[in-house]
Amino acid sequence: MLLSVPAAAQSVAFSFDDGPTLATTPRLSPQARNEAMLSALAKHKVKAALFVTAGNGADRPEGLALARAWGQAGHAVANHTMTHPDLDSAKVSLAHYQQEVLDCDRIIAALPGYQKWFRFTYLREGNTKDKRDGMRVFLRQHGYRNAYVTLDTSDWRLNEKLVEVLEKNPQADVEPIRQAYLAHIRQRALAYRALSQRLRGRDIPQVLLLHHNLINALWLDDVVKQFKDMGWAITTPSEAFADPVYQLMPDRAAPGQSLLLSMGRSLGLSTAELGLRLMDDGDFEIEALEKKGL
């Protein structure tokens with residue numbers, strides 16, 4: 001049960017995965033998407049973190065320039081592998097995954113704002129004990145922080161719907177998608193806050209996972225404003241990671257997902273007890289949009 005605490009006690013840090021991407025999308029060029037996100041953050045004086053998947057663009061001069069712009073604007077720049085492989089896949093060896101981290105680092109380490117942080121792709125930390133423990137040793141030996149997420153979202157799924165609709169009709173009314181997106185973020189934020197109260201007995205500084213994509217280029221300003229309207233304070237990833245909760249390593253055979261979900265599973269909580277809406281990949285919102293003909 002959510003304890004009664006002042007709303008201002010809750011804070012959130014913004015982080016963005018998979019960027020910068022040079023993929024083509026409706027409405028905005030890669031450069032315009034990047035600038036729109038940076039402008040929204042600047043408007044609200046938010047300092048965030050960009051977790052670079054270098055193969056999405058930073059391995060080319062035009063993409064590296066987009067990543068550099070984040071560091072120059074005062075945001076953290078960190079590692080999310082070269083090509084986004086899945087460590088839970090039997091086709092991805094521990095050695096290959098570790099090389100992906102090192103290869104990405106060679107591209108981003110000289111950028112302003114660089115931090116020795118690593119975020120697991122798909123938030124999956126290995127489907128075997130050897131992979132799990134091997135990565136924990138690797139991160140420790142190379143001086144990386146595991147850049148956990150607590151407030152996971154399915155923004156990527158709603159982004160897919162947005163792109164799909166606009167590719168069919170560039171003039172489509174996408175206001176229902178914007179409203180669904182904001183409702184999704186709010187639902188996840190409240191649910192993860194409640195889970196932190198249940199598991200830790202207090203509010204923790206939440207680390208929000210979003211992506212470097214069109215939906216945030218269009219509506220990140222609205223997302224930040226919604227958190228402020230909810231009474232949440234905006235913190236930085238560095239300040240959030242200073243909380244002791246981010247030193248935890250839940251004892252699970254296959255760790256991963258939101259740190260809070262992983263903690264709950266390590267305590268034996270079932271999916272139903274943790275909340276189905278935290279794991280539905282945006283199915284609820286997508287089904288509602290499709291009923292509206294989108």
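Here, residue 1 is the first one in the sequence, and each next residue gets the next number.
The closest donor-acceptor contact from the side chain of H184 to the backbone of T153 lies at 3.5 Å or more, if one exists at all. Side chain of N213 to backbone of N216: a donor-acceptor contact under 3.5 angstrom is found. R188 contributes a side-chain N or O that, together with a main-chain N or O of R277, makes up a donor-acceptor pair within less than 3.5 Å. With hydrogens and angles disregarded, a donor-acceptor distance shorter than 3.5 Å links the side chain of N159 to the backbone of L214. Using a distance-only test at 3.5 Å, with no hydrogens or angles considered, a donor-acceptor pair links the side chain of R119 to the main chain of A147.
Salt-bridge annotation for D283 and R157: present, with a side-chain N of the basic residue lying under 4.0 Å from a carboxylate O of the acidic one. In summary, K225 and D221 do not engage in a salt bridge, as defined by a charged side-chain N under 4.0 Å from a carboxylate O.
If you check the side chains of D222 and Q226, you find no donor sitting under 3.5 Å from an acceptor. Using modelled atom types, one finds a donor on one side chain and an acceptor on the other under 3.5 Å when comparing Q197 with D203. Side-chain contact of S11 with Q206: a donor-acceptor pair under 3.5 Å is absent, judged by distance alone. In this model, no donor atom of one side chain and acceptor atom of the other lie less than 3.5 Å apart for D17 and H211.
The 12-atom threshold is exceeded at NZ of K116, counting heavy atoms of other residues, nucleotides or ligands nearer than 6.0 Å. Other residues, nucleotides and ligands contribute at most 12 non-hydrogen atoms within 6.0 Å of the CZ atom of F284. Summarising the local packing, CZ of R186 is surrounded by 12 or fewer heavy atoms from other residues, nucleotides or ligands at distances under 6.0 Å.
In the hydrophobic cluster analysis, where Ile, Leu, Val, Met, Phe, Trp and Tyr join through side-chain heavy atoms closer than 4.5 angstrom, M135 is grouped apart from V137. Both V163 and V165 belong to a common hydrophobic cluster when Ile, Leu, Val, Met, Phe, Trp and Tyr are linked at side-chain heavy-atom distances under 4.5 angstrom.
Scanning for side-chain contact (heavy atoms from CB on, under 4.5 Å) contacts around H84 gives D18, T53, H80, T81, T121, Y122, with sequence neighbours left out.
Here the CZ-CG distance, from F51 to N79, works out to 9.0 Å after rounding to the nearest 0.5 Å. Taking CG of L260 as the reference point, atom CD1 of I204 lies at 4.5 Å (rounded to 0.5 Å).
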Task: Stepwise side-chain hydrogen bond (donor to acceptor under 3.5 Å, both in side chains) test for Y97 and D86 - done: CA-CA 8 Å; Y97 197 81; D86 183 356; over 6 Å; no
